[in-house]
Amino acid sequence: MSDFPAARLHVVTGKGGTGKTTVAAALALALAAGGKQVLLMEVEGRQGLAQLFDRPPLPYQETKVAVAQGGGDVHALAVDTEQALLDYLHMFYKLSPTGLPARALRKIGAIDFATTIAPGIKDVLLTGKIKEVTTRAGRRGGRYYDAVVVDAPPTGRITRFLNITHEVGNLAKVGPLKAQSDGVMAVFKSVQTVVHLVTLLEEMPVQETVEAIEELSREGFPVGGVIVNMVRSPFLTPEDLAAVEAGAVGDRLTKGLTAVGVDTALAPALLSEAGEFAARAALEERGRDALAHLERPTYELPLLPDAVDLGGLYELASALKAQGLA
Ligand SMILES: Nc1ncnc2c1ncn2[C@@H]1O[C@H](COP(=O)(O)OP(=O)(O)O)[C@@H](O)[C@H]1O
Ligand SMILES: [Mg+2]
């Protein structure tokens, strides 16, 4: 049973480089396991998902990229802002996305113009698309996708991103923009949405996680879990770590090296390495403490030995499932 049984829209944020894209993909696989249909969406147009699933750049079209354990499919979509703007004009002003007016708009650079003059419009389009795929009706009743996972903007921008239609909607009191804004906010602030935070056990990402959770909560967005990524397995017991920090292992080390016939000249280098390891372990422990204060469901993913490939993604997906995130 998932820790978020009502959630269908999973927004994954985190400080850049913490593994947002990787975790979003693993979560999509975990949610698809056992026969579900899941859409994994990339909104920053970097084609990170295509790379991860070892595919050519994704078209602006939902494309099946992986089969999950026990059946179930992960479809991926990299949103193209220009196409999204044309879709939008089509939806609200009945402008054909392939017809002459759209082509003309593109030709005269109207799309660049619109997105440059009003940078917010891009996020309006992206959030509108997220709402559309989340609420899209299925052919046999119910929803088209059982779940949608978004590889979202980083922690520093996530609240503003989710709130954009609200800001823009405030400017428009009536009309399609206002209706669109109300619709998007109704989904984002409902129980079907959860915003998950990916972090590392390092000072900056932990700090950003704490701040983002505060901000999201203040604005009324439902916060989901905290996913601690790239966790190293502990090589030393807490007792050994304490001994290293106290500088009390020198004798034991020399004796140990002699016992196994290794040159004791190595001892200083090994000691210094153990010292660095202990210092990092202490920092990690502080990170864990700070995260524990948040009192959010927390999940840990191991640091995989190699670059994350499809096999690695399945491994991370099972870890998330086993811990109850999916
Ligand atoms: N659990 C992990 N173990 C090993 N490498 C990881 C793990 N998670 C992410 N990575 C690697 O870290 C790098 C950054 O991950 P990515 O998902 O692209 O981060 P982000 O989207 O936050 O920028 C990538 O090279 C990825 O393969
Ligand atoms: Mg990324």
Side-chain angles (χ1 to χ4, degrees), residues 1-16 18-33 36 38-44 68 74 126-127 130-131 133-135 143 145-163 184-201 205-231 287-288 290-301 313 316-326:
M1 178 71 168
S2 153
D3 293 345
F4 303 96
R8 300 195 323 102
L9 172 60
H10 297 259
V11 177
V12 179
T13 182
K15 183 174 161 53
T18 54
K20 228 166 15 90
T21 303
T22 307
V23 171
L27 178 57
L29 274 174
L31 290 166
K36 299 285 183 10
V38 176
L39 180 68
L40 175 57
M41 250 176 106
E42 178 170 46
V43 297
E44 304 231 287
V74 174
L126 294 173
T127 52
I130 294 172
K131 183 223 155 191
V133 294
T134 306
T135 55
R143 299 290 182 201
Y145 289 114
D146 296 299
V148 173
V149 180
V150 181
D151 179 10
T155 32
R157 289 194 284 117
I158 187 64
T159 307
R160 180 102 206 276
F161 175 77
L162 296 174
N163 239 343
V184 170
M185 295 320 281
V187 171
F188 287 4
K189 293 193 172 174
S190 73
V191 289
Q192 53 185 322
T193 298
V194 273
V195 183
H196 303 297
L197 293 108
V198 181
T199 186
L200 306 176
L201 288 175
V206 166
Q207 186 57 31
E208 286 200 18
T209 300
V210 172
E211 284 165 10
I213 288 181
E214 262 171 31
E215 245 180 56
L216 287 162
S217 309
R218 206 183 315 129
E219 293 294 325
F221 293 107
V223 176
V226 173
I227 299 140
V228 184
N229 192 22
M230 306 195 213
V231 177
R288 274 204 178 87
L291 293 176
H293 273 111
L294 293 170
E295 297 182 333
R296 302 295 325 159
T298 301
Y299 311 86
E300 291 205 356
L301 291 177
L313 278 185
L316 298 178
S318 333
L320 289 177
K321 207 162 167 53
Q323 292 173 67
L325 182 52

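These figures come from a predicted structure and were not determined experimentally. These numbers come from the heavy atoms of this one structure, side chains and all, not from hydrogens, waters or symmetry mates.
Scored by the side-chain contact (heavy atoms from CB on, under 4.5 Å) test, Glu300 finds Val228, Val231, Arg288, Gln323 as partners (sequence neighbours excluded). Applying the side-chain contact (heavy atoms from CB on, under 4.5 Å) test to Ser190 and every residue at least two apart in sequence or in another chain returns Gln192, Thr193. In terms of the side-chain contact (heavy atoms from CB on, under 4.5 Å) criterion, residue partners of Thr127 (sequence neighbours excluded) are, by chain and number, Phe161, Ile164, Thr165, Val184, Phe188. Residues passing the side-chain contact (heavy atoms from CB on, under 4.5 Å) test with Lys15, sequence neighbours excluded: Thr18, Thr155, Met204, Pro205, Glu208.
Judged by distance alone, the side chain of His196 and the main-chain N or O of Gly225 form a donor-acceptor pair under 3.5 Å. Between the side chain of Lys20 and the backbone N or O of Val198, no donor-acceptor pair lies under 3.5 Å.
At least one side-chain heavy atom of Thr13 sits less than 4.5 Å from a side-chain heavy atom of Leu197. For the pair Thr209 and Leu294, the minimum side-chain heavy-atom distance is below 4.5 Å. For the pair Thr22/Leu313, a side-chain contact is recorded, criterion being any heavy-atom separation below 4.5 Å from C-beta on. Side-chain contact between Phe4 and Leu325: present, with at least one pair of heavy atoms (C-beta onward) separated by less than 4.5 Å. Proximity of Leu291 to Leu201: side-chain heavy atoms (C-beta onward) are separated by under 4.5 Å at one or more points.
In terms of heavy-atom proximity, Thr199 sits nearest to Val226 at CG2-CG1, 3.9 Å. Of all non-hydrogen atoms in Pro5 and Ser2, the two that sit nearest each other are CD-O, 3.5 Å. When every heavy atom of Leu40 is checked against every heavy atom of Ala25, the shortest pair comes out as CD2-CA, 3.6 Å. In plain terms, the two heavy atoms of Met185 and Leu162 that are nearest each other are SD-O, 3.6 Å. Taking every heavy atom of both residues into account, Leu316 and Leu301 meet most closely at O-CD2, 3.7 Å. Here the closest heavy-atom approach between residue Ala68 and residue Leu29 is recorded as CB-O, 3.5 Å.
Residue pairs meeting the salt bridge (charged side-chain N to carboxylate O under 4.0 Å, His left out) criterion with at least one member in residues 316-326, sequence neighbours excluded, do not occur.
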Exercise for review: Tell me, with the steps shown, if Arg143 and Thr135 meet side chain to side chain contact (heavy atoms under 4.5 Å, CB included).
Suggested key: CA-CA 7 Å; Arg143 299 290 182 201; Thr135 55; 4.2 Å; yes
Practice item. Take Leu9 and Ile130 through the test side chain to side chain contact (heavy atoms under 4.5 Å, CB included) and record every step on the way to the result. Key: CA-CA 9 Å; Leu9 172 60; Ile130 294 172; 3.7 Å; yes
Point to revise | Trace of the side chain to side chain contact (heavy atoms under 4.5 Å, CB included) decision for Asp151 with Glu44 | key: CA-CA 8 Å; Asp151 179 10; Glu44 304 231 287; over 6 Å; no
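In this structure, the separation between NZ on Lys36 and CG on Leu31 is 8.5 Å, given to the nearest 0.5 Å. Rounded to the nearest 0.5 angstrom, Leu27 CG and His10 NE2 are separated by 6.0 Å.
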Tabulate below the donor-acceptor pairs under 3.5 Å that side-chain atoms of residues 213-224 make, not counting sequence neighbours, or state none.
| unit_1 | atom_1 | unit_2 | atom_2 | d |
| --- | --- | --- | --- | --- |
| Glu215 | OE1 | Thr159 | OG1 | 3.1 |
| Ser217 | OG | Ile213 | O | 2.6 |
| Glu219 | OE1 | Asn163 | ND2 | 2.9 |

